[in-house]
*Asks:* 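Quick one: this structure, given as structure tokens, is what I'll be asking you about.
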Protein chains: 4
Amino acid sequence: MNPPPSPSPAALGDATDEPAERSGRGGVRGGRKQDRSRDADILDATLEVLADVGFAGLTMDLVAQTAHAGKATLYRRWPSKSELIIDAVGHLKRTQVDVEHLPDTGTLRSDLLALFKEQSPDEAEQRIRAVAGVMSLISHDRSFGDAAHSVLVEPWADAHYILMKRAVDRGEIPADADIHSVCQVAPTMAAYRALVQRKPFDLKFLLSMIDGVILPALADS
Amino acid sequence: MNPPPSPSPAALGDATDEPAERSGRGGVRGGRKQDRSRDADILDATLEVLADVGFAGLTMDLVAQTAHAGKATLYRRWPSKSELIIDAVGHLKRTQVDVEHLPDTGTLRSDLLALFKEQSPDEAEQRIRAVAGVMSLISHDRSFGDAAHSVLVEPWADAHYILMKRAVDRGEIPADADIHSVCQVAPTMAAYRALVQRKPFDLKFLLSMIDGVILPALADS
Amino acid sequence: MNPPPSPSPAALGDATDEPAERSGRGGVRGGRKQDRSRDADILDATLEVLADVGFAGLTMDLVAQTAHAGKATLYRRWPSKSELIIDAVGHLKRTQVDVEHLPDTGTLRSDLLALFKEQSPDEAEQRIRAVAGVMSLISHDRSFGDAAHSVLVEPWADAHYILMKRAVDRGEIPADADIHSVCQVAPTMAAYRALVQRKPFDLKFLLSMIDGVILPALADS
Amino acid sequence: MNPPPSPSPAALGDATDEPAERSGRGGVRGGRKQDRSRDADILDATLEVLADVGFAGLTMDLVAQTAHAGKATLYRRWPSKSELIIDAVGHLKRTQVDVEHLPDTGTLRSDLLALFKEQSPDEAEQRIRAVAGVMSLISHDRSFGDAAHSVLVEPWADAHYILMKRAVDRGEIPADADIHSVCQVAPTMAAYRALVQRKPFDLKFLLSMIDGVILPALADS
DNA sequence: GCCTAACCGAGACGGTACGTCCGGTCTTTTT
DNA sequence: AAAAAGACCGGACGTACCGTCTCGGTTAGGC
């Protein structure tokens, strides 16, 4: 549903795709290759530091030290602290919803509830705190919003979409329901709650969404 | 529905509540009074700088210079940069929704559309840009989220609530609909769009909300 | 004999001698004064650090920390590390030869020897090590050579000059001797030994100078 | 008088003196030989860079680039930047004084003047600038002082010694004069002038030395 | 002629210091 | 005592450079 949002420092790779364009005399162009395995180390270190000391306490020196890297290595890959953090947040996405093993209880309502209960509160908390801690970056870099969205909302909207599609397939809800719009509601409002209001996405709120908005919106007219 | 969100520089008031504690002889307490007219100048300067260089480029020195004030004058009124900016955002005129003169066209759908078309796109844009520009503060100061919420979402949720209540009253929608939950949907998702995704809250999106979520959710079951 | 070689950060003081030249509206021009007492603190800290860790180990952060100052305070006064160190070396000069109390033994030879023995070997060693440790700066800044010269050679040349003048006055050496040239010999060669060859300025070398060069050059022709 | 100052890259030789310690089976030791012709290229490049940007602006990357060499090639030959520069200075052609063809005009005074006028001002200037430019190294490496001394002072002191010995031989000056000490005076003070004070070693100064110090010191007592 | 090891240019790497900038406090002078 | 101006401390930023290590490729030897 959402294409992989080109995550990482691409500029360098692109530039070296074209060898021997220096001068007419043959293009010697050697040199040690950039060790791309450092990328992941650095991004992991960034997330670790973020979790440890928060955004306010994150410094490039600390990241470099944690990743056992030189600052120059960081700046060779990312032009600024902001870009590094944005990439690191984009790196979070892998740990998310397992679309292959969604709950299948027979009714949409219990499916949605099961999906909510399935996730580890700790992991969710950590993910939200990481993203919330760096909301600062929204004003620095437009693309941060996309990264945050793709981490916090899209996977859940996808999951909701699948659950609703199944409900349509088994005739639980009418085929003409706008499940594309409805599947966005709970994940988006949960993210807003977490990021802006800093209130937990708890069961009470989820129930008000499911029983007050989602299921009524999908019911037979 | 929402209490007036305590808007202003509180630190000072607290400090000056207790004068004359210097010597025992009865309150020597003299000296020049704080010139409260500077408050507005400084807040205006803050907003001006925010508009000019954005949050990332905003410095206290720059605000002081723009307001033709000394830095000490700023810190005498606000304890930190964050608090100043939060106050400045709270200073944005809250004249968004005139609850006394909401549209009344006969159907909920056209009421909602009329409410949307009523607002000046320019003012809305400015308000959103100002708030979005300082989303940074969310990670610094918890209360900023509340300020943003009360500026961007609450007035609209209130308006939606009133319109839906009217629809209930005239029998257009069933009395047992959870209008309290539904009235949050469009304003919240619009704010999320504006703040996180930085996409405009346009008619197309509004229609998908109204026709895909809100009206179905409020229809007879 | 040698005029005080304008030692210190003068640029600022000069600039602020002329008030009210900002704009036509009156020249408000307030602001905290630069605390000149920090100058000496910082120079002392610089010399202390130099003595402790040597030139190679001297960093601006360390100087700032030792002086309990911010780095900005250092850079407000000196434009670079080199300039600071040069000034610090120029600051050494006060501890030197006491021209008022030169030895007076009756003969030039024993006067010169007494002058040599008078000085504390420790202080001399410290002074030489400080200067030698920062000879690096010679290639950075031309004026460093002057500072080193005025610290290491001029006071001694002055002293030698006075001793030789006395010898002329009492008829020990002829009046037409070029004491102005000869008084430079021992101090200059001692400095060269100390700075370039890193050999001590010991008694053996002094005697070879006095008996091999200075006294013969001043003897009756 | 002065032994040839061991000029060159020793580290390599030492390293290759002990081959075949890898495995027990008898010294597999093959491989390409070090291309010693690069040595001179690199030293020349070092001197070129020194002349261009001075010691302060000299970086190993710049030398490598100028010599069209890799940095590893530099460090394979010299263990540090200092050592490279010292070697480069030692590489300066030592063809200053032709001991076989010293002037012989009949008097010591005109011999000394002739020796001074003989040298090309340009070459002398270049040599002094090169050495002065790297005086920095004195604080890093003790042996640099010896290198500078042997380039700038010793050849001239040797020459002066020979001229004075001749003057003794032909009876111009007494045999008991300490010509060993006196022959050091002018060369040393000239070097000090050039290195520390950065003043030229001009005729005026030379005359003050010859007529004010050297000749009086060597005159009959 | 082929294999192997050390060489070579190029440049990424870890580490450290530089000089700049900014937040929040304190000082000087004026009102 | 509050105001404007700006110096002050502390600490992070992004850059530059040293000395090491890695890359792909080249050049001697020994077989």
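Computed from a predicted structure; not experimentally measured. Just so it is clear: chains get the letters A, B, ... in the order the sequence lines come, proteins before strands, and each one is counted from 1.
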*Asks:* Judged by each residue's nearest nucleotide on DNA chain F, which is more toward the 5′ side, B:Asp61 or A:Gly57?
*Replies:* B:Asp61
*Asks:* Considering non-hydrogen atoms only, spot the tightest contact between A:Leu74 and A:Ala64 and give its length.
*Replies:* CD2-N, 4.1 Å
*Asks:* Starting at atom CG of A:Asp35, determine the distance to atom P of E:dA12, rounded to an integer number of angstrom.
*Replies:* 12 Å
*Asks:* Tell me whether the OP1 or OP2 atom of F:dG10 has a side-chain N or O from C:His68 closer than 4.0 Å.
*Replies:* yes
*Asks:* Heavy atoms only, 4.0 Å cut-off, all strands: where does B:Leu58 land among base, sugar-phosphate and nothing?
*Replies:* sugar-phosphate
*Asks:* Please determine if a side-chain N or O atom of B:Thr59 lies less than 4.0 Å away from the OP1 or OP2 oxygen of E:dC22.
*Replies:* no
*Asks:* Find the distance B:Arg76:CZ to F:dA5:P and express it as a whole number of Å.
*Replies:* 13 Å
*Asks:* Compare every heavy atom of B:Ala69 with every heavy atom of B:Arg38, then report the nearest pair and how far apart it is.
*Replies:* NH2-CB, 3.8 Å
*Asks:* Between atom CG in C:Leu84 and atom P in E:dA17, what is the gap in whole Å?
*Replies:* 16 Å
*Asks:* Kindly compute the distance separating OG1 (D:Thr73) from CG (D:Asp39), expressed to the nearest 0.5 Å.
*Replies:* 10.5 Å
*Asks:* Search all heavy atoms of C:Ile42 against all heavy atoms of C:Trp78 and return the closest pair with its distance.
*Replies:* CG2-CZ3, 3.7 Å
*Asks:* Of D:Thr46, D:Leu43, D:Ile85, which meets side chain to side chain contact (heavy atoms under 4.5 Å, CB included) against D:Val63?
*Replies:* D:Thr46
*Asks:* Using only side-chain N and O atoms of D:Arg38, determine if any of them is under 4.0 Å from OP1 or OP2 of E:dG9.
*Replies:* yes
*Asks:* Does a side-chain N or O of C:Thr73 approach OP1 or OP2 of F:dC9 to a distance below 4.0 Å, or not?
*Replies:* yes
*Asks:* Just compare E:dG14, E:dC18, F:dC9 and give me whichever is closest to any side-chain atom of C:Tyr75.
*Replies:* E:dC18
*Asks:* In whole angstrom, what separates C:Ile42's CD1 from F:dC9's C1'?
*Replies:* 11 Å
*Asks:* What is the distance from atom CZ of D:Arg77 to atom CG of D:Leu84, rounded to the nearest 0.5 Å?
*Replies:* 11.0 Å
*Asks:* Is a donor-acceptor contact shorter than 3.5 angstrom present between the side chain of C:Lys71 and the base of E:dG19?
*Replies:* yes
*Asks:* When the nearest nucleotide of DNA chain F is assigned to A:Leu62 and to B:Gln65 on a heavy-atom basis, which residue is associated with the more 5' position?
*Replies:* B:Gln65
*Asks:* Specify the separation, in whole Å, of atom CG of A:Asp39 and atom C1' of E:dC13.
*Replies:* 13 Å
*Asks:* Indicate whether OP1 or OP2 belonging to E:dC8 is found under 4.0 Å from a side-chain N or O atom of D:Arg77.
*Replies:* yes
*Asks:* Does B:Ala72 reach a base, just sugar-phosphate, or nothing at all? Heavy atoms under 4.0 Å.
*Replies:* base
*Asks:* Do D:Arg32 side-chain and F:dT26 base share a donor-acceptor contact under 3.5 Å?
*Replies:* yes
*Asks:* Using whole Å, what does the distance between atom P of nucleotide F:dA4 and atom CG of B:Asp41 come to?
*Replies:* 9 Å
*Asks:* Does OP1 or OP2 of E:dT29 have a side-chain N or O of C:Lys33 closer than 4.0 Å?
*Replies:* yes
*Asks:* In whole Å, what is the span from the CD atom of D:Gln34 to the C1' atom of F:dG29?
*Replies:* 16 Å
*Asks:* F:dA16 P sits how many Å from A:Leu74 CG, rounded?
*Replies:* 16 Å
*Asks:* Does OP1 or OP2 of E:dC18 have a side-chain N or O of C:Lys81 closer than 4.0 Å?
*Replies:* yes
*Asks:* Heavy-atom nearest nucleotide on DNA chain E for B:Met60 versus C:Ser80: which residue maps closer to 5'?
*Replies:* C:Ser80
